[in-house]
Amino acid sequence: LPHLHPKTKPISTKMSLTTPTPAPGDTYKGWLFKWTNYIKGYQRRWFVLSNGLLSYYRTQAEMGHTCRGTINLATANIAVEDSCNFVISNGGTQTYHLKASSEVERQRWITALELAKAKAFRMQAESDDSGDDSTSPGAGQGAGSRNSEVQSTLRTLGSKVEDLSTCNDLIAKHGSALQRSLSELEGVRLGGETSEKIRQVTERATLFRITSNAMINACRDFLALAQAHSKRWQKALQAEREQRVRLEETLEQLAKQHNHLERAFRGATVLPPSQSPVPGKGDVSDEDEENEFFDACEDVQEFITVPLDEQSLASSPESPQSQEVVPVRKRRSRIPDKPNYSLNLWSIMKNCIGKELSKIPMPVNFNEPLSMLQRLSEDLEYYELLDRGAKCQSSLEQMCYVAAFTVSSYSTTVHRTGKPFNPLLGETFELDRMQESGYRSLCEQVSHHPPAAAHHAISERGWTLRQEIALASKFRGKYLSIMPLGSIHCIFEKSNNHYTWKKVTTTVHNIIVGKLWIDQSGEIDVVNHRTGDRCHLKFAPYSYFSRDVARKVTGVVTDKNGKAHYVLSGTWDEKMECSRVMQSSRGGENGADGRQKTVYQTLKAKELWRKTPLP
């Protein structure tokens, strides 16, 4: 759109009706000055108004990949401060203080924003009421399709009528202002005020012309739509009806062919060649094909992988190897390189302080190329600890292995600052390692808001693990805290020992500036509910002034009477050791709470777990 400025471009008294104006429903773009902070003040930004959303970018080149912010006009409040400044706020955390180059340019934006807001509000109201207008289940599909098409056209025409009403209100508003300026001009004496008043009248007339053009464009669109639909509606409706009938017939034929091929394949792969498929549960007669072609056989796997080569084709059909289905997987040796995009994380998250992590829109550049379900399944990386614990005769020694297993789940987090992708509701991740490792794991996303996952793993070596994990998170500006909620259960079949524990808090540091790094801090109580044994683990938070080793973890295993039997020590990113307690006594240095620390006399340390090198 051309920028009209009264000081640089004289306005003709003959107003052309072809001047570009913000027509209702069109995309409106242009430069505006946006208030950033008290240091930089107003900065020039490229704004785009489209589909009821106002978005801005640093430059026009950023429109393809990086949006700096978006505000929904359906719930926004638009306020004018002075001749060039106006404010847009959604009543929450988003408030844009904007400034145009002139009053004319500001009013163009105000007109376009008010039209877009009215349209977005109507669309939101229609979507909320769409359930009341839907057809009943007893109505036919064809009638529902025709009704939806009619309603769509009526909504479009009604939207144009509402645009005319909005333009009419704006014309009345600007007409009153123009009338007041003309009245004031009549009472002004010729002198120094004359030029200023004439300039105001000229700008008012320009604003009135812009709004009038918008109304004329809306009228033109309305008439064009009405004329086009009145002539072509019957032809389009008949063509859609015929096409739907043809599609239904084609879909029915494809479904019958698919069912026939599926039964033929099932009989060729499951039954020996000497036998033929017998109609029963897994097979249906030709008369029932039309009604039952979606039924599935009860004793057939959902997925079948059949690798074919020359040897398998030449083998005997009666041999056991020919009937055994073996899945063949070719795993990749490395994952693709991480995309290298220079994005400022603080510019994206500065408006999200105090919010939950699930409510923060994050670019996929900060994501790991896997889902949260797969990340949760990685807790089983050191499953050997539970295998060794299942063989223990002593419940206290078994507690040491369970405690080491809880620490091992954090071993890879020190290098992984990326966020896994949020799974879809009902999405599952299965890890079947029964042949090589003796366990099978299944993880499912059971809640979307708030996000929650259920994980179940069973091993043929005598243990079962299950956990229900939900994440509570807070963004604090300099760091991000992630607090896992839910309990983890581990049950050993032989001894019937039932252990439970919870996860510690994960903190991501240097959100604003510097290199991202992760720390684990907090305390874990691993409890054996059958014997009353307990292990108290403490994850020490990182401190620049501490003399202890970084990422330190310490713990004590006690029986139901509180007597210590084992002392655990190590780091959550390298190894864990345990030492048997021979004697304990009070003494030594005072702790942080003023009480004396307990001194344990132990035997030589035994290594429970050590992290395997990363590939």
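This chain uses plain numbering: 1 for the first residue, then up along the sequence. Atoms considered below: every heavy atom in the structure, side chains included; atoms not considered: hydrogens, waters and symmetry mates.
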Test Ser579 against Leu603 for side-chain contact (heavy atoms from CB on, under 4.5 Å), laying out the working first.
CA-CA 6 Å; Ser579 304; Leu603 297 178; 5.9 Å; no
Roughly how far apart are Leu568 CG and Trp609 CH2, rounded to 0.5 Å?
12.0 Å
Residue pair Lys606 / Glu397, side-chain heavy-atom distance below 4.5 Å
yes
Any donor-acceptor pair under 3.5 Å linking the side chain of Asn561 with the backbone of Lys563?
no
Ring-plane angle category for His489 and His498, please: parallel below 30°, perpendicular beyond 60°, tilted otherwise.
tilted
When rounded to the nearest 0.5 angstrom, what distance separates OG in Ser411 from CZ in Arg551?
12.0 Å
Go through Ser487 and Gln467 one step at a time and tell me if the side-chain contact (heavy atoms from CB on, under 4.5 Å) criterion holds.
CA-CA 6 Å; Ser487 300; Gln467 55 181 325; over 6 Å; no
Residues Glu378, Arg416: salt bridge by 4.0 Å N-O rule
yes
Pairwise distance CZ(Phe429) to OG(Ser377) - rounded to 0.5 angstrom:
5.0 Å
Would you please test Leu614 and Thr412 for side-chain contact (heavy atoms from CB on, under 4.5 Å) and show each step?
CA-CA 8 Å; Leu614 292 177; Thr412 61; 4.2 Å; yes
Taking the side chain as every heavy atom from C-beta outward, state whether Ile524 and Lys502 have any pair of such atoms under 4.5 Å apart.
no
Out of Ser459, Ser437, Ser408, which residue meets the side-chain hydrogen bond (donor to acceptor under 3.5 Å, both in side chains) rule with Tyr383?
Ser437
Just checking, any donor-acceptor pair under 3.5 angstrom between side chains of His565 and Thr558?
no
To the nearest 0.5 Å, what is the distance between OG1 (Thr406) and CG (Asp525)?
11.0 Å
Which value, rounded to the nearest 0.5 Å, describes the distance between Asn510 atom CG and Thr417 atom OG1?
11.0 Å
Can you see whether Thr428 engages Glu444 through a side-chain donor-acceptor pair at a distance of less than 3.5 angstrom?
no
For the pair Trp501 and Phe405, name the ring-plane relationship: parallel under 30°, tilted 30 to 60°, perpendicular over 60°.
perpendicular
For Asp533, is there an ion pair with Arg530 - N to carboxylate O distance below 4.0 angstrom?
no
Checking the side chain of Gln398 only, and the main-chain atoms of Ser395 only, is there a donor and an acceptor separated by less than 3.5 Å?
no
Donor-acceptor pair, Gln445 side chain versus Ser447 backbone, under 3.5 Å?
yes
Side-chain donor-acceptor pair under 3.5 Å between Asn528 and Tyr499, yes or no?
yes
Over 60° means perpendicular and under 30° means parallel, so tell me whether Tyr479 and His509 are parallel, tilted or perpendicular.
tilted
Give a yes or no on whether a salt bridge exists between Arg440 and Glu460, defined as a side-chain N under 4.0 angstrom from a carboxylate O.
no
Under the 3.5 angstrom rule, does the side chain of Gln374 hit a backbone N or O of Leu370 as a donor-acceptor pair?
no
Val504 pairs by side-chain contact (heavy atoms from CB on, under 4.5 Å) with which of Glu523, Gln520, Met483?
Gln520
Any chance the side chains of Tyr566 and Arg580 put a donor and an acceptor closer than 3.5 Å?
yes
Test item: side-chain donor near acceptor, Asn497 and Ser495, under 3.5 Å:
yes
Strictly by modelled atom types, are Tyr382 and Thr612 linked by a side-chain donor-acceptor pair under 3.5 Å?
yes
Would you check if the side chain of Gln601 reaches a backbone N or O of Gln583 as a donor-acceptor pair within less than 3.5 Å?
no
Under 6.0 Å from the ring centre and within 45 degrees of the ring axis: does the NZ or CZ of Lys391 meet both conditions for the six-membered ring of Tyr401?
no
side-chain hydrogen bond (donor to acceptor under 3.5 Å, both in side chains) partner of Ser441, chosen from Glu430, His455, Arg433:
His455
Has Lys611 got more than 12 heavy atoms of other residues, nucleotides or ligands less than 6.0 Å from its NZ?
yes
Taking the side chain as every heavy atom from C-beta outward, state whether Asp519 and Pro541 have any atom pair closer than 4.5 Å.
yes
Rounded to the nearest 0.5 Å, what separation is found between the OG1 atom of Thr531 and the CG atom of Asn496?
11.0 Å
